[in-house]
Amino acid sequence: MIMDYRPQRIEEKWQRRWAEQNLNSLTDDQLRTAERPFYNLMMFPYPSAEGLHVGNMYAFTGADIYGRWQRLQGEAVFEPIGFDAFGIHSENFALRIGTHPMELIPRNIRNFTRQLTRIGAMYDWNHVVDTTDPSYYRWTQWLFLQLYRAGLAEKKEAAVNWCPSCHTVLANEQVIAGACERCGTTVEQRTLSQWFFTITKYAQRLLDNLKWIDWSETTKKAQENWIGRSEGAEIWFEVDSPWHADPGSAAAVAVADARAYHHGRGEDDEYEQKLQISVFTTRPDTIFGATFLVLAPEHPVVDWVTTDARRAEVEAYRERAAAMDLVTRKKTDKDKTGVFTGAYAINPASGTPVEIWIADYVLMEYGTGAIMAVPGHDERDFEFATQFALPIVRVIAGPGADADSPLREAYVGEGVLVNSGEFDGLHSGEAIGRITDWLAGHGVGDRKVNYRLHDWCISRQRYWGPPIPIIYCDACGIVPVPEQDLPVVLPHVENYKPDESGVSPLARDETWYRVLCPKCGRTGRRETDVSDTFLDSAWYFLRYPSANRDDVVFDRELTRKWLPVHMYIGGNEHAVLHLLYARFITMVLKDLGHIDFEEPFRRFRAHGLLIKEGAKMSKSRGNVVIPDRYIEDWGADTFRTYLMFLGPYQEGGDFRDQGLQGPFGFFSRLWDAVVPVAELGTAQPAGSIEQKLHATIAKVTEDIAALRYNTAIAAMMEYLNAVREGNRNVNRAEVEPLVVLVAPFAPHIAEELWELLGHTQSIFAGANWPSHDPAKTMADTVEFVVQVNGKLRARMAMSRGISQDDAQAAALADENVRKYIDGAQVRKVIFVPDRLLNLVVG
RNA sequence: GCCCGGGUGGUGAAAUGGCAAACACGGCGGACUCAAAAUCCGCUGCCGGCAACGGCUUGUGGGUUCGAGUCCCACCCCGGGCACCA
């Protein structure tokens with residue numbers, strides 16, 4: 001009588017043994033001396049109070065299988081885990097339940113640690129990272145100082161996204177369709193002084209490297225779109241109306257400092273000075289159709305050009321736009337609004353005067369904050385021109401159209417230039433370059449590339465984050481905290497609730513922020529904002545190997561050995577946030593000489609999303625899958641394997657409670673097949689079993705490499721079914737390789753069976769991934785298909801490698817085939833060796 | 001609107017241009033059982049037929065090919081991301 005498969009008992013036993021014998025961890029010494037290092041990284045979780053989510057577990061299991069597989073192939077696998085525990089999410093939760101985050105987070109981390117152990121992942125508990133630990137965020141602050149010194153951290157007055165519910169500023173990346181990513185509240189505009197990392201300086205490099213890094217295509221595409229490179233031209237329109245600016249006025253300073261909105265400003269006589277308005281366009285070929293200009297309401301030049309008659313209306317419009325929240329402002333389906341400034345500019349190509357308008361559909365943050373409107377060939381401009389009865393001119397003739405064809409809507413396609421002076425007849429594609437050259441030759445334009453990417457605002461007016469290591473001194477200005485004074489420890493502030501003031505709760509603790517200036521020794525004041533959580537997670541992978549080092553941010557030698565990360569697996573929800581910032585920080589560290597690579601992750605693979613019985617999982621629907629319960633009922637091996645079996649890993653899938661039965665039954669049958677070890681014969685696999693074994697090893701190996709876990713599991717099931725068929729005696733050599741194949745998916749049962757098979761070492765230390773002989777993966781006889789005119793008419797067993805003549809003879813001898821040929825002429829024969837014969841008749 | 005995915009049995013899903021539906025769930029029938037659960041065996045895309053077998057079938061419509069779920073063109077639907085980005 002054999003014992004039933006009892007996963008809970010086995011799993012407890014092996015989890016204890018792994019921990020006691022440190023089987024999953026590397027010592028610092030092993031890290032230093034490993035010969036075949038493999039850094040297997042997964043996205044570290046935010047330790048929520050709700051506990052480990054099934055989405056976390058899906059991600060971790062897929063990554064763990066890959067790591068365990070690498071280890072069975074002889075790699076020294078480093079698979080660390082940590083906690084991304086700072087941030088608004090934790091803080092808001094702490095506020096809600098009334099527990100201080102300094103109490104709450106360690107509790108959550110303990111709970112997560114328990115759960116992460118229970119799922120059977122191969123985590124290295126010797127190298128754990130916790131972003132809220134001063135020994136970690138000390139280096140986050142160090143990182144800020146490196147960027148500051150390199151001129152990549154700037155303090156800017158900026159209109160920012162303000163979440164009125166969280167009372168904080170959000171990065172553009174954290175604004176989802178105009179709402180706060182965390183709480184869903186509509187985001188407003190506010191102007192605050194903030195720290196920015198100038199990631200835009202790296203836009204082109206971040207884009208260029210996408211061409212060669214080995215990442216999921218979907219993720220690369222998302223980054224490419226986010227960076228949003230546009231090639232076009234900058235064109236200067238001269239203002240043709242009286243204009244004025246007090247050279248000392250705020251507007252004049254803003255314009256002079258910001259960028260080249262104007263050229264050739266004269267000394268004093270304002271009417272003889274030249275004022276030019278710069279616009280960005282991707283369609284310089286349409287310049288003859290630019291019948292008006294539109295400036296963003298915030299554009300500083302508006303102050304200079306607006307006529308007295310129009311000033312009241314313009315100001316009213318600007319005030320309305322400034323008060324409007326960003327969602328409404330950026331709604332594409334609302335009616336176009338705008339007002340005429342009373343001023344005119346000259347179209348530099350046609351020489352025609354054009355009206356200068358302001359409208360909120362032009363955004364200050366993109367391009368130059370001003371556009372040349374070409375209503376004939378741009379949908380938004382067309383709508384605006386129609387609304388305000390502005391002239392619409394056709395300058396591109398598409399197929400079947402000519403210079404006089406009426407435009408009922410904007411024609412945005414390619415075509416031949418018309419109404420464009422000397423450029424008439426040119427194809428629009430060619431005209432882009434020719435007209436840009438012409439404009440450049442006349443000093444009124446130039447080639448220009450724009451990016452949608454914005455600088456990264458890292459300031460947060462909140463409590464739960466690393467304080468930004470800056471001191472403000474009345475005498476010295478901005479003074480970075482000296483590196484030897486790090487960390488700037490986050491004080492325990494009792495009332496950490498944010499308020500309307502827009503100032504961090506740290507500003508309430510005067511004993512904390514009142515410090516002496518490190519430069520001059522006089523009284524200074526600490527920066528009271530903390531940094532964005534995304535900064536914590538932008539470099540954690542660099543810290544893991546050096547997690548136990550207090551003296552350096554990362555050990556140079558260890559970093560060279562283990563990085564870039566060999567395999568990174570995670571969710572695509574981080575395609576443009578975390579993953580872009582991590583690349584940026586890595587590039588900066590390379591440029592500053594701290595590391596010698598500029599891309600942090602050799603390979604990145606995005607896993608898919610889990611849904612539950614056809615619906616998205618959500619707390620409100622009450623269909624969230626809690627791993628603990630399932631693990632308790634079925635065991636971690638079954639749960640892990642089911643998660644991987646329910647669909648292609650990189651596409652996600654549908655979680656159904658009933659589905660767990662499949663993998664559970666598989667393991668039960670595997671158990672029953674292997675446990676009666678005394679009865680196992682010693683004969684080597686032969687015949688169809690041998691062939692099936694080799695094919696299975698090949699299939700499972702290929703599938704794991706490609707993250708096709710679902711079909712790998714199916715192949716193992718098929719093999720076990722074949723071994724069990726006919727109630728025959730099972731031989732050890734038939735099942736021992738299967739136990740190894742199963743190990744990455746179901747490590748506990750694999751360990752137990754491996755031990756029952758007489759091995760004394762852990763399967764992950766003692767076993768080799770089975771190899772296969774390609775020649776043995778194929779059977780001697782093949783099932784051969786005979787078609788007549790492409791329709792299946794017979795299947796016949798034939799020996800491998802049969803010649804076309806022999807196959808054809810056999811086919812023609814078949815009664816059913818003969819019936820369909822029916823004496824007709826065989827005109828053509830298609831022969832696919834060992835597969836198919838198609839007889840074309842008639 | 002743009003950029004990614006995806007659309008195949010009752011369900012989750014397989015399928016280098018070459019046997020559509022592997023593997024699994026569920027269902028049905030049987031064995032074991034006093035009975036039930038568990039387990040084991042068989043059947044299970046749809047239509048016709050006692051059967052051999054035949055016809056139909058991968059969102060829709062065209063096309064390429066000896067042969068298309070797979071390639072090409074047009075379109076519809078679902079999921080995700082971006083979006084007055086000039």
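Residue numbering restarts at 1 for every chain, and letters A, B, ... go by the order of the sequence lines. What's counted below: heavy atoms across the whole structure, side chains too, no hydrogens, waters or symmetry copies.
Backbone-only engagement by A/D654 is indicated by non-hydrogen atom pairs under 4.0 Å involving sugar-phosphate atoms exclusively. Among the atoms of the strands shown, base atoms are found under 4.0 Å from some heavy atom of A/F645. Contact annotation for A/N721: backbone-only contact, meaning every heavy-atom pair under 4.0 Å involves sugar-phosphate atoms and none involves a base. A/L363 comes within 4.0 angstrom of a nucleotide base, judged by non-hydrogen atoms across all strands.
For A/Y820, a side-chain nitrogen or oxygen approaches OP1 or OP2 of B/rG54 to under 4.0 Å. Listed pair A/R793 / B/rG55 meets the phosphate criterion, a side-chain N or O lying under 4.0 Å from OP1 or OP2. Between A/R669 and B/rU39 there is no side-chain polar atom (N or O) within less than 4.0 angstrom of OP1 or OP2. Within the structure, a side-chain polar atom (N or O) of A/S230 is placed less than 4.0 Å from OP1 or OP2 of B/rA86. Phosphate contact (OP1/OP2 of B/rA24, side-chain N/O of A/N710, threshold under 4.0 Å): absent. Under 4.0 angstrom from either OP1 or OP2 of B/rC66 there lies at least one side-chain N or O belonging to A/K828. Applying the 4.0 Å criterion to OP1 and OP2 of B/rC85, one finds that A/R380 has a side-chain N or O inside that range.
Comparing the C1' positions of B/rC19 and B/rA68 gives an interatomic distance of 14 Å, to the nearest angstrom. Using C1' as the reference atom, B/rG48 and B/rA13 are 29 Å apart when rounded to the nearest Å. B/rU16 and B/rU11: their C1' atoms are spaced 29 Å apart (whole Å). B/rA74 and B/rG79 are spaced 23 Å apart, taking the C1' atom of each and rounding to whole Å. Comparing the same atom, P, in B/rA21 and in B/rU44 gives a spacing of 12 Å after rounding to whole Å. To the nearest whole angstrom, the two C1' atoms, one in B/rG59 and one in B/rG55, are 23 Å apart. Across the P atoms, B/rA37 and B/rA22 are found 27 Å apart, a figure rounded to whole Å. For B/rU8 and B/rC3, the P atoms lie 24 Å apart once the distance is rounded to whole Å.
Separating the CZ atom of A/R818 from the P atom of B/rA52 is a distance of 21 Å, rounded to the nearest angstrom.
With sequence neighbours excluded, the residues forming a side chain to side chain donor-acceptor pair (under 3.5 Å) with A/H578 are A/Y568, listed by chain and number.
Nucleotide B/rU58 forms no Watson-Crick or G-U wobble pair with any nucleotide shown, as no partner meets the under 3.5 Å limit on both distances. When both pairing distances are held under 3.5 Å, B/rC40 makes a Watson-Crick or G-U pair with B/rG30. Across all strands shown, B/rA51 remains unpaired; no Watson-Crick or G-U wobble contact has both distances below 3.5 Å. Under the Watson-Crick or G-U wobble criterion, with both distances below 3.5 Å, B/rC2 is paired with B/rG81. With a cut-off of 3.5 Å on both pairing distances, the Watson-Crick or G-U wobble partner of B/rG10 is B/rC25. When Watson-Crick and G-U wobble pairs are counted only if both distances are under 3.5 Å, B/rC19 pairs with no nucleotide at all.
Against the 90° criterion about 0, the sugar-base torsion of B/rG49 places it in the anti range.
Heavy atoms of other residues, nucleotides or ligands lying less than 6.0 angstrom from CD of A/Q650 number more than 12.
Centroid-to-centroid, the aromatic rings of A/F745 and A/Y642 stay 6.0 Å apart or farther. Taking the six-membered ring for Trp, A/F384 and A/W357 have ring centres closer than 6.0 Å.
The pair A/K612-A/D657 meets the salt-bridge criterion, with a side-chain N (NZ, NE, NH1 or NH2) lying under 4.0 Å from an Asp/Glu carboxylate O.
For A/R795, taking side-chain heavy atoms from C-beta onward, the closest of the listed nucleotides B/rC25, B/rG6, B/rC19 is B/rC19.
Each of A/N816 and A/M372 has a nearest nucleotide on RNA chain B; the 5'-most of these lies closest to A/N816. The residue among A/K791 and A/I830 whose nearest nucleotide of RNA chain B is located toward the 5' end is A/K791.
If you check the side chains of A/D455 and A/T200, you find a donor sitting under 3.5 Å from an acceptor.
Both the sub-6.0 Å distance and the 45° axial angle are not jointly satisfied by A/R605 relative to the ring of A/W215.
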